[in-house]
Amino acid sequence: MVREKDVCWEYCDKMDGNKVRCKFCLKVLNGGISRLKFHLSRLPRKGVHPCAKVREEVIDRVKTIIAMKEEGKEVSVVKKQRLVETKSPVIVSNTKVHMSSPESTPPVVKLLTGCTAIRPQSSLDAERCIAEFFFENKLDFSVAHTPSYQLMLEALGGAGFRGPSPETLRTTWLQKLKSEVTLQIKEIEKDWATSGCTIIADTWTDLKSRALINFFVASPLGTFFHKSVDASTYFKNSKCLYDLFDSIIQDFGPENVVQVITDSSLNYVNVGNHIMQNYNTIFWSTCASHCLNLILEDFSKIDWVNRCILQAQSITRFIYNHTWVLDLMRKFTGGQQLVRSGITKSTSNFLTLQSMLRHKSRLKHMFNSPEYSSSPYANRPHSISSMDILDDTELWRAVEEIAAVSEPLLKVLRDVSGGKPAIGSIYESMTRAKESIRTYYIMDEGKCKTFLDIVDRRWQNQFHSPLHAAAAYLNPSIQYNPEVKFLGIIKEQFLTVLDKLLPMPELRHDITEQIYIFRKAQGMFGSNLAREARNTTSPGMWWEQYGDSAPGLQRVAVRILSQVCSTFTFDRNWSAIQQIHSEKRNRLDKETLSDLLFVHYNLKLGSKGKVADTDPIILDDIDMTSEWVEETENAQWLDRFSSALDGGDLNTRQFSTTSIFNSNDHIFGL
């Protein structure tokens with residue numbers, strides 16, 4: 001009875017069960033009043049068709065209702081959090097904050113997941129936390145000499161408390177932490193006999209034709225940084241690149257490596273072919289995040305999409321370049337930002353458009369408020385232009401379309417960029433994304449074809465892989481889904497992968513029967529526990545737990561389904577990498593800085609792994625050099641994916657050598 005007080009009931013007829021019928025288009029919707037609101041507001045919502053006949057004033061009214069509800073949720077969450085913070089004493093370490101309770105004591109976390117998560121009990125524990133704080137944040141060791149730093153330590157540890165000296169940090173603690181990280185990596189490597197691993201080559205280029213490659217290794221127990229290589233002098237030489245990748249594979253053993261992931265640069269095509277010829281059981285794959293970024297980049301080049309981005313940018317540039325207006329905007333948005341910086345330029349564009357769509361009504365309230373109207377900014381040309389753009393109904397309908405077609409791909413990007421083994425779900429995720437676009441444009445075949453052609457071209461030409469097809473075939477949530485019918489090419493590529501991974505006849509013994517047992521859910525595959533876990537457990541773990549009825553297939557399935565499919569792990573720092581490869585450094589400096597980078601990256605990877613509910617495609621800080629804040633001619637982007645050495649899509653706040661450090665600055669004070 002309470003739910004029927006919702007004002008939106010006047011726009012529909014209540015039917016049997018949880019069904020309602022829209023009074024405008026007479027469409028029957030499952031899901032009740034909540035789905036009706038998205039139907040009437042035309043806001044993107046999975047599985048909800050926008051109403052084609054709803055009146056304009058109803059659209060605005062329902063959008064306001066949805067916005068008020070979301071705002072209420074945000075306020076409620078903040079209030080609950082404040083209540084918890086006032087009631088629970090807080091234990092703070094340099095890597096984690098815990099709410100303490102009489103019943104539970106925070107566990108001690110291993111090095112790769114950050115410093116010990118309990119309050120330091122001795123001066124040695126305190127020194128460790130201080131050392132990890134320096135290394136994780138790349139602080140200049142000379143900071144340990146400053147008076148304010150010493151005052152801070154005494155305020156925390158009592159009069160006379162001293163932290164480690166710069167020399168102790170540079171020598172004793174660096175080697176101690178390096179040794180401990182190395183031991184933790186050795187523990188991870190023990191699992192590779194079962195799970196295998198993926199070598200990730202994260203390549204950067206800049207406008208000076210430098211090419212640096214960071215090598216990471218990923219497996220279910222964690223991702224770690226291996227080393228950084230300056231390949232500038234031979235990046236276009238396939239033979240030299242092959243030798244480099246061959247040496248990395250030898251570092252970890254060919255028998256442990258399942259795949260190598262790079263971007264789609266032409267420089268890597270020949271290298272990948274030679275690697276797969278010489279190592280029959282290793283696959284060469286393109287980064288899924290790279291492919292998705294290129295799709296979003298192509299979306300943004302569509303004329304009407306690009307016009308929406310440019311007009312929206314004119315609003316944010318006006319707001320973010322006037323402090324008073326920026327403060328007022330934050331007041332009206334409840335402290336939330338308009339601009340969202342993503343892991344690439346294209347990601348930032350679509351995330352920020354979504355953000356502006358959410359805050360459009362609040363922005364209009366701000367520009368029409370007495371406080372703003374009486375300000376000296378109100379009559380400026382850029383202000384008037386911004387107000388006109390906010391009142392442009394057609395423009396914001398177009399922005400709604402953009403949000404609807406980009407969100408499914410952003411969701412896939414989130415799924416593959418978090419460092420989780422997502423190889424078994426990438427095919428299904430992309431299929432669902434395409435279906436969402438097709439559903440949204442069910443009445444507009446032309447636009448639907450425009451977007452889906454872009455997706456298919458990038459997918460088929462740059463990402464389609466037999467390993468991904470095999471992973472989809474072995475994923476129980478897909479294999480046992482009655483709505484899924486595998487194309488012949490998927491099964492064919494699955495068998496091709498089996499042939500590569502089981503090259504000897506004795507390894508393929510009974511494999512046909514094992515495939516049959518798996519497909520028909522016989523033996524352990526058909527147990528109640530296995531059935532219930534098909535959609536709730538990661539595919540690799542599912543096979544490890546319930547695949548004993550097909551042991552040969554089980555070993556292959558676990559190795560395939562335990563792999564990642566993206567190079568994106570966390571924010572990189574170009575400045576630190578450049579310092580290592582500087583020609584001005586002597587050998588001792590380079591070795592020390594290499595150790596510092598090894599410890600730094602692995603501490604960062606560990607701390608990232610312990611932070612829950614973070615969005616892997618959004619950066620914490622706004623990129624103040626992007627076109628959303630600065631004028632276009634002042635914004636500069638570097639090419640993260642290096643399709644050619646000509647610059648492209650890397651944001652300078654995160655990766656430019658001048659963003660944090662000057663060219664003469666020394667990281668860690670070396």
Side-chain angles (χ1 to χ4, degrees), residues 188-189 191-203 213-226 241-242 244-265 268-292 415-427 429-430 459 462-475 490 493-503 538-540 543 555-569 641:
I188 291 176
E189 290 177 355
D191 191 55
W192 290 353
T194 300
S195 69
C197 69
T198 292
I199 293 175
I200 298 172
D202 194 10
T203 307
I213 307 174
N214 282 355
F215 287 98
F216 298 81
V217 183
S219 64
L221 290 187
T223 299
F224 64 85
F225 173 79
H226 179 49
L241 278 180
Y242 171 84
L244 171 62
F245 278 87
D246 182 65
S247 69
I248 299 296
I249 291 171
Q250 292 298 327
D251 285 345
F252 303 107
E255 70 280 2
N256 294 318
V257 179
V258 175
Q259 71 170 340
V260 178
I261 293 181
T262 66
D263 59 51
S264 60
S265 167
Y268 286 137
V269 174
N270 289 334
V271 178
N273 290 335
H274 281 97
I275 288 291
M276 287 192 289
Q277 286 174 6
N278 291 345
Y279 296 101
N280 191 51
T281 59
I282 295 178
F283 293 84
W284 192 276
S285 305
T286 299
C287 170
S289 298
H290 171 53
C291 179
L292 289 162
D415 291 341
V416 302
S417 298
K420 297 178 294 185
I423 194 170
S425 59
I426 182 64
Y427 266 37
S429 297
M430 285 300 295
W459 178 264
Q462 295 180 303
F463 189 68
H464 188 73
S465 164
L467 192 65
H468 301 141
Y473 193 85
L474 291 166
N475 186 340
I490 300 295
Q493 292 183 338
F494 161 66
L495 295 176
T496 299
V497 171
L498 274 187
D499 196 45
K500 279 177 64 74
L501 296 180
L502 301 173
S538 67
W543 268 95
R555 181 178 184 276
V556 171
V558 170
R559 288 177 73 82
I560 292 175
L561 294 167
S562 296
Q563 307 313 312
V564 298
C565 54
S566 172
T567 62
F568 286 7
T569 48
F641 301 113

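Positions are given from 1 along the sequence.
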Margin query: My understanding is that only one of W459, F494, F463 makes a ring pair (Phe, Tyr, Trp, His ring centres under 6.0 Å) with Y427; could you say which?
Written below: W459
Margin query: Does atom CZ (R555) have a neighbourhood of more than 12 heavy atoms from anything else shown, all under 6.0 Å?
Written below: no
Note to self: Using every non-hydrogen atom in the two residues, find where T223 and A218 come nearest and quote the distance to one decimal.
What the structure shows: OG1-CB, 3.4 Å
Next item on the list: Would you please classify the geometry between the F245 ring and the Y268 ring as parallel, tilted or perpendicular, with 30° and 60° separating the classes?
Entry: perpendicular
Checklist line | Gap separating the CE atom of M430 from the OG atom of S425, nearest 0.5 angstrom | finding: 12.0 Å
Check: Does the side chain of I248 come within less than 4.5 Å of V260's, by heavy atoms?
Finding: no
Next item on the list: Could you walk me through whether C197 and V257 pass side-chain contact (heavy atoms from CB on, under 4.5 Å), step by step?
Entry: CA-CA 5 Å; C197 69; V257 179; 4.2 Å; yes
Notebook entry, point to check: Using the ring of each side chain (for Trp, its six-membered ring), is F224 parallel, tilted or perpendicular to W192, with breaks at 30° and 60°?
Noted result: parallel
Check: How far apart are the closest heavy atoms of G424 and N475, and which atoms are they?
Finding: O-ND2, 2.9 Å
Note to self: Are L474 and P539 packed together at the side-chain level, in the sense that at least one heavy-atom pair is separated by less than 4.5 angstrom?
What the structure shows: no
Check: Which one of I560, I426, T286, V497 satisfies the side chain to side chain contact (heavy atoms under 4.5 Å, CB included) criterion with H468?
Finding: I426
Margin query: As a test of understanding, state which of I261, I275, L501, T198 forms a side chain to side chain contact (heavy atoms under 4.5 Å, CB included) with F283.
Written below: L501
Checklist line | Within 6.0 angstrom of K500 NZ, more than 12 heavy atoms from elsewhere | finding: yes
Item checked: Rounded distance (nearest 0.5 Å) linking atom CG of L495 with atom OH of Y473 -> 7.0 Å
Check: Quick one: which of I200, I199, L467 gives a side chain to side chain contact (heavy atoms under 4.5 Å, CB included) with Q259?
Finding: L467
Check: What is the minimum heavy-atom distance between P503 and N280, and which atoms define it?
Finding: CB-ND2, 4.1 Å
Item checked: Separation of D263 CG from C291 SG (nearest 0.5 Å) -> 12.0 Å
Check: Going by heavy atoms in the side chains, are F252 and H226 under 4.5 Å from each other?
Finding: yes
Next item on the list: Give the C-alpha distance, both sets of side-chain angles, the deciding distance and a yes or no for side-chain contact (heavy atoms from CB on, under 4.5 Å) between F215 and L244.
Entry: CA-CA 11 Å; F215 287 98; L244 171 62; 4.0 Å; yes
Note to self: Under the rule for side chain to side chain contact (heavy atoms under 4.5 Å, CB included), what residues qualify as partners of Q250, not counting sequence neighbours?
What the structure shows: D246, P254, Y279
Notebook entry, point to check: If you look at every heavy atom in V258 and S195, which pair is closest and at what distance?
Noted result: CG2-O, 4.3 Å
Margin query: Return the OG to NZ distance between S562 and K420, rounded to the nearest 0.5 Å.
Written below: 14.5 Å
Check: Looking only at heavy atoms, which two atoms of Q493 and P466 are closest? And how far apart?
Finding: OE1-CA, 3.8 Å
Check: If you measure from OG on S417 to CG on L292, what distance do you get to the nearest 0.5 Å?
Finding: 7.5 Å
Check: Considering all heavy atoms of both residues, which atom of D415 and which atom of S429 are nearest to each other, and what is their separation?
Finding: OD2-OG, 4.1 Å
Note to self: Nearest 0.5 Å, please: how far is NE2 in H290 from OG1 in T262?
What the structure shows: 8.5 Å
Next item on the list: Please report the C-alpha distance between T281 and E255 in whole Å, then the side-chain angles of each, then the deciding distance to 0.1 Å, and finally whether the side-chain contact (heavy atoms from CB on, under 4.5 Å) criterion is met.
Entry: CA-CA 8 Å; T281 59; E255 70 280 2; over 6 Å; no
